[in-house]
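Heads up: the structure comes next, in structure tokens.
Basis for what follows: all heavy atoms, side chains included, without hydrogens, waters or symmetry-related copies. What you see is a predicted model; the values in this text were computed from it and never measured.
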Amino acid sequence: MNRAELADFLRRGRARLGPSDVGLTAGSRRRTPGLRREEVAALAGMSVDYYARLEQSRGPRPSRQMLTALARALRLTDVESDHLFHLAGEEPPRRETASGHVRPGLLLILDRLYDTPAQVVTDCGEVLAQNAMARALVGDVMSRPPRDRNLARLFFLDPAARALFPEEDRADHARGHVASLRAVTAARPDDPEPAALVAELRAASEEFARLWDEHEVSRRNRATKRFVHPVVGLLELDCEVMLSHLHHHLLVVHTARPGTEAYERLQLLRVVGVQDMSPAPSR
């Protein structure tokens, strides 16, 4: 680990970004350009003290998950992300698997969707990034431990995640999760991640095991979904899924048609924000 070079790279990466580049409000009293340390720490899901020590060349070696989070927070390109891993004494992630590194352009699109819920997930269901409206709708997934950010795992194993949907819709969501994982495991037979997730869910959930044995395969790129929100009530939203083939990433966007009750409630949700929200996520 090259602590001095890593610290310099992090400082320069922070200095070249402005609040608007990451979907934040600039505010006042900014005496120097760039993001503040606490802003980068919040975007990466780490403590301010830990990040400060990394910039001061005195922090411990970051884990691979932490390096991925830093690359995402600083909007690094693939080459820059690989450089970050090398400075920390780690091998960069393989690009043929579902990388946790989200391309800066995709994050920029996410940040610009300020009035509609949107999040970036892998094709296996791992949530990689959310905008403020997605956090308001389904909870702050990125504040959870990394293991608890998989939508399929949460749907089948966490009752709070299922409660985001009306009871009569849950069977359809269950089939969608299983059929999608079927497609992913077939497309990537040498990738251990989807296979391990399937093995875990088959052992832990009778419902998942039953649906898996039915061998249904599908990938849903468009749907209408209903969410039960504790403050604004029932929202019927159109779901659009846009695929980035290079990294097996999905940009999932939920919109409401203007003039509908759901549209009015979505506008209210934007005002309400994340207060009184359950942390359970969904796709």
Please say which of V217, D213, L211 ends up in a side-chain contact (heavy atoms from CB on, under 4.5 Å) with H215.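 The option that passes is V217.
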Could you tell me which non-hydrogen atom of [X] sits nearest to which non-hydrogen atom of [Y], and how far apart they are?
X    : Y    : value
T122 : H249 : CG2-CD2, 4.2 Å
E90  : R61  : OE2-CD, 3.9 Å
T185 : A195 : CG2-N, 4.2 Å
A88  : P62  : CB-CD, 4.3 Å

Stepwise, does the salt bridge (Lys or Arg N to Asp or Glu O under 4.0 Å) test hold for R210 with E206? CA-CA 6 Å; R210 174 177 56 80; E206 293 182 4; over 6 Å; no
First locate atom [atom1] of [X], then atom [atom2] of [Y], and finally report the distance between them rounded to the nearest 0.5 Å.
X    : Y    : atom1 : atom2 : answer
L67  : F85  : CG    : CZ    : 5.0 Å
R12  : D8   : CZ    : CG    : 4.5 Å
Q119 : N131 : CD    : CG    : 8.0 Å
M142 : D148 : CE    : CG    : 12.0 Å
E216 : R175 : CD    : CZ    : 5.5 Å
L157 : E207 : CG    : CD    : 10.5 Å

Among all residues two or more places apart in sequence or in another chain, which pass the side chain to side chain donor-acceptor pair (under 3.5 Å) test with E168?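 R226.
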Please check this pair: side chain of [X] against backbone of [Y], looking for a donor-acceptor N/O pair closer than 3.5 Å.
X    : Y    : answer
R170 : F165 : yes
R270 : M133 : no
R11  : E55  : yes
T116 : H254 : yes
R149 : R144 : yes
R202 : A209 : no

Can you confirm whether [X] sits close enough to [Y] that some side-chain heavy atom of one is under 4.5 Å from a side-chain heavy atom of the other?
X    : Y    : answer
E5   : H86  : no
V138 : Q130 : yes
L70  : M46  : yes

Kindly indicate, with the supporting measurements, whether the criterion side chain to side chain contact (heavy atoms under 4.5 Å, CB included) is fulfilled by R37 and L54. CA-CA 11 Å; R37 284 176 176 172; L54 288 177; over 6 Å; no
Looking at E80 and R72, is there a salt bridge between them, counting it only when a charged N and a carboxylate O are closer than 4.0 Å?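 Salt bridge between R72 and E80, a charged N being under 4.0 Å from a carboxylate O: no.
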Step by step, work out the side chain to side chain contact (heavy atoms under 4.5 Å, CB included) result for L106 and L251. CA-CA 8 Å; L106 192 55; L251 176 62; 4.1 Å; yes
Just to verify, what does E261 make a salt bridge (charged side-chain N to carboxylate O under 4.0 Å, His left out) with, not counting sequence neighbours?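 Counting only residues at least two positions away or on another chain, E261 forms a salt bridge (charged side-chain N to carboxylate O under 4.0 Å, His left out) with R265.
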Cation over ring face, R257 and Y263, 6.0 Å, 45°: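 Cation-pi check for R257 and Y263: fails.
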Ring geometry between H83 and F9 (parallel below 30°, tilted from 30 to 60°, perpendicular above 60°):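 Answer is perpendicular, since the angle exceeds 60°.
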Can you tell me if CD on Q267 sees more than 12 non-hydrogen neighbours from other groups inside 6.0 Å?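 It does: Q267 CD has more than 12 such atoms within range.
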Could you go through D238 and K225, starting from their C-alpha distance and side-chain angles, then the distance that decides it, and tell me whether this counts as salt bridge (Lys or Arg N to Asp or Glu O under 4.0 Å)? CA-CA 6 Å; D238 293 324; K225 293 186 178 181; over 6 Å; no
Only counting residues at least two apart or in another chain, list the ones meeting ring pair (Phe, Tyr, Trp, His ring centres under 6.0 Å) with F208.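 Here the qualifying residues are F156, W212.
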